[in-house]
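Everything numeric in this text was worked out from a predicted model, so none of it was measured.
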Amino acid sequence: MIKAGIYVHIPFCKVKCLYCDFYSLAERENSIDKFINAITKEIKISSVDVSNWNIDTIFIGGGTPSILKGQQLEKIISALSQKYDLTRLAEFTLEVNPGEVTIEDLKLYKSLGINRLSIGVQSFQIQLLKFLTRTHERKDIFKTYNNARSVGFENINIDLIYSIPGQTLNLLEKDLNEVAILHPEHISAYNLTLEKNTELFKMVKKNIVAMPSESVNAGFFERTVKFFKSKNYKLYEISNFSKSDSQCKHNLHYWNIDPYLGFGPSAHSFDLKYRWHNTKNLDSYIKNIDQKKPVRANIELLSEVNKLNEIIGFGLRMSSGFDIKVIPIKYRKEFKNKLTSAKKKFESCLVEKDHNIKLSEEGTLYADEIIVNLLF
């Protein structure tokens, strides 16, 4: 049996954040019921052969999944459990926003089998939350987190963003300390990246806002890593920290190149041979499913070179790195030449030991550049 996961994309938000590049829509709550009907049909008619898959994770993301009412969420989960064997499910994650879920909602999530929450905190600083167009306040973070603990959630992730325009090292320190006080099992800490088709991108292009420099980004990253390490969190992937045995099992599927199924508009899937994603348009998604037409927008056969590049790229994102012996023999000599060149170019950034190759702590600062130099 091959370990595998399921991802469900909920494309609705109360407000579209100015930095967000994920497919999401604000002020479309009137389409939620139609969406629920469509996604449950998509699950029901899925023809991907999963007979040798061990589905052990589900991740419901978005958008804002907690915008759904309990009954709507229950319909999706019921459709999944009727279609797939979920008896070996180890991790079931739901993304929630601070201040948008009640204690009753959290109790319901528990009763539906959800055992992990990912809370979109991003920052504890009011001025930074306002800049990011987040609708929650500082007090909402603590209320949602404490309510989750009180109803029995023992696996909680906190999402944090750094390198925000206007953020100082002092403000970053405050955020890091606030997170540490909460003692979550897992922390996802991302530097704010500029993505096309976002409001932030337009603002930067018009010189309304200036993004922090690369040196500032590096300083923020180094401080974040050092701080969480001092609090006994392990950096197991470039943007993710966890306490022992609390790594995100679902995300590990992506980095380990395991198969997964995605449902909902824009959701991605991989069956070990092909990668594809659904249409990034809610109305087209609903219409196509109603008319029994495909919702896949792109299907790509993963070539040997594509897979090799994913082994290198995903492998070096992980603190454990990867075994050079997984590289097919016919590519190994060329890879070793690339590796020798990269070691000279990025001194002290790559560590090789017993056929394993990984980034050093310094190397994580230049991960994207290093990876590009090693790809085929």
Side-chain angles (χ1 to χ4, degrees), residues 1-9 11 21-23 38-39 41-59 61 80 83-85 195-197 237-238 249-282 284-285 287-289 291-318 321-339 357 367-368 370-376:
M1 298 288 279
I2 305 163
K3 284 189 174 184
I6 290 174
Y7 174 75
V8 178
H9 189 74
D21 190 40
F22 293 115
Y23 180 67
I39 197 168
K41 281 182 188 174
E42 186 195 4
I43 293 165
K44 188 177 180 180
I45 64 174
S46 175
S47 58
V48 178
D49 181 9
V50 300
S51 56
N52 67 333
W53 293 16
N54 171 14
I55 297 171
D56 63 354
T57 68
I58 297 175
F59 195 108
L80 288 171
K83 178 76 176 184
Y84 302 108
D85 177 8
E195 304 285 356
K196 285 186 177 181
N197 305 316
E237 192 273 341
I238 282 176
K249 292 180 175 64
H250 185 81
N251 285 345
L252 284 172
H253 285 317
Y254 301 144
W255 299 319
N256 290 332
I257 320 180
D258 296 331
Y260 52 89
L261 287 179
F263 297 104
S266 82
H268 287 245
S269 299
F270 175 53
D271 66 359
L272 295 180
K273 288 185 179 179
Y274 293 91
R275 291 195 182 278
W276 67 91
H277 66 77
N278 289 348
T279 177
K280 295 182 180 182
N281 183 291
L282 176 64
S284 295
Y285 172 81
K287 184 181 176 184
N288 284 5
I289 286 178
Q291 296 179 356
K292 298 181 179 177
K293 291 180 181 177
V295 291
R296 296 181 186 180
N298 186 54
I299 304 174
E300 177 194 3
L301 176 65
L302 199 66
S303 70
E304 193 176 39
V305 170
N306 290 152
K307 187 165 185 180
L308 175 57
N309 285 337
E310 290 191 356
I311 288 168
I312 295 165
F314 291 143
L316 286 180
R317 286 190 66 89
M318 303 292 292
F322 68 96
D323 192 329
I324 293 172
K325 287 185 285 186
V326 301
I327 293 175
I329 292 171
K330 65 180 178 180
Y331 295 108
R332 217 170 284 173
K333 186 178 178 182
E334 188 180 346
F335 176 75
K336 286 188 175 178
N337 289 338
K338 286 174 178 284
L339 186 58
I357 183 77
D368 291 341
I370 294 169
I371 289 167
V372 166
N373 277 261
L374 293 172
L375 298 181
F376 285 78

So, taking the atom named [atom1] in [X] and the one named [atom2] in [Y], what distance separates them when rounded to the nearest 0.5 Å?
X: Asp56; Y: Lys249; atom1: CG; atom2: NZ; answer: 8.0 Å
X: Asn298; Y: His277; atom1: CG; atom2: NE2; answer: 4.5 Å
X: Leu261; Y: Ile58; atom1: CG; atom2: CD1; answer: 10.5 Å

Provide the closest heavy-atom pair for [X] versus [Y] in the form atom of the first, atom of the second, distance.
X: Asp21; Y: Glu195; value: CB-CB, 3.6 Å
X: Ala367; Y: Ile238; value: CB-CD1, 3.3 Å
X: Glu42; Y: Ile289; value: CB-CD1, 3.6 Å
X: Phe322; Y: Ile327; value: CE1-CD1, 4.0 Å
X: Arg296; Y: Ile299; value: CD-CD1, 4.0 Å
X: Ile6; Y: His250; value: O-CE1, 3.3 Å

Heavy-atom check, side chain of [X] versus side chain of [Y], under 4.5 Å:
X: Leu308; Y: Phe335; result: no
X: Val48; Y: Trp276; result: yes
X: Asn278; Y: Phe263; result: no
X: Asp85; Y: Ile55; result: no
X: Ile45; Y: Lys292; result: no
X: Leu282; Y: Tyr23; result: yes
X: Leu316; Y: Leu374; result: yes
X: Ser46; Y: Tyr84; result: yes

Exercise for the section: Measure the acute angle between the ring planes of Tyr7 and His9, then classify it against the limits of 30° and 60° as parallel, tilted or perpendicular. Expected result: tilted
Practice task
Would you please indicate if the ring centroids of Tyr260 and Tyr254 are separated by under 6.0 Å?
Solution key: yes
Hey, is [atom1] on [X] packed in by over 12 heavy atoms from elsewhere, all under 6.0 Å?
X: Leu301; atom1: CG; value: yes
X: Lys83; atom1: NZ; value: yes
X: Asn373; atom1: CG; value: yes
X: Asn337; atom1: CG; value: yes

Under 3.5 Å, side chain of [X] to main-chain N/O of [Y], donor-acceptor pair present?
X: Lys3; Y: Asn54; answer: no
X: Asn256; Y: Asp258; answer: no
X: Asn309; Y: Phe376; answer: yes

Completion exercise
Lys196 meets the side chain to side chain donor-acceptor pair (under 3.5 Å) criterion, sequence neighbours left out, with none
Problem - Side-chain ion pair, Glu237 and Arg317, N-O less than 4.0 Å - result: yes
Exercise for the section: Could you walk me through whether Asn306 and Glu300 pass side chain to side chain contact (heavy atoms under 4.5 Å, CB included), step by step? Expected result: CA-CA 10 Å; Asn306 290 152; Glu300 177 194 3; 3.5 Å; yes
Taking distance alone, no hydrogens or angles, what donor-acceptor pairs closer than 3.5 Å link side-chain atoms of residues 264-273 to residues at least two apart or in another chain?
unit_1	atom_1	unit_2	atom_2	d
Ser269	OG	Gly262	N	2.8
Asp271	OD1	Lys273	N	3.0
Asp271	OD1	Tyr274	N	2.7

Exercise for the section: State, without any angle test, whether Ser51 and Asp49 hold a side-chain donor-acceptor pair at a distance under 3.5 Å. Expected result: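 Checked: Ser51/Asp49 side chains pair up, N/O donor to acceptor below 3.5 Å.
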Practice task
Please identify each residue that fulfils side chain to side chain contact (heavy atoms under 4.5 Å, CB included) with Lys293, with sequence neighbours left out.
Solution key: Asn288, Gln291
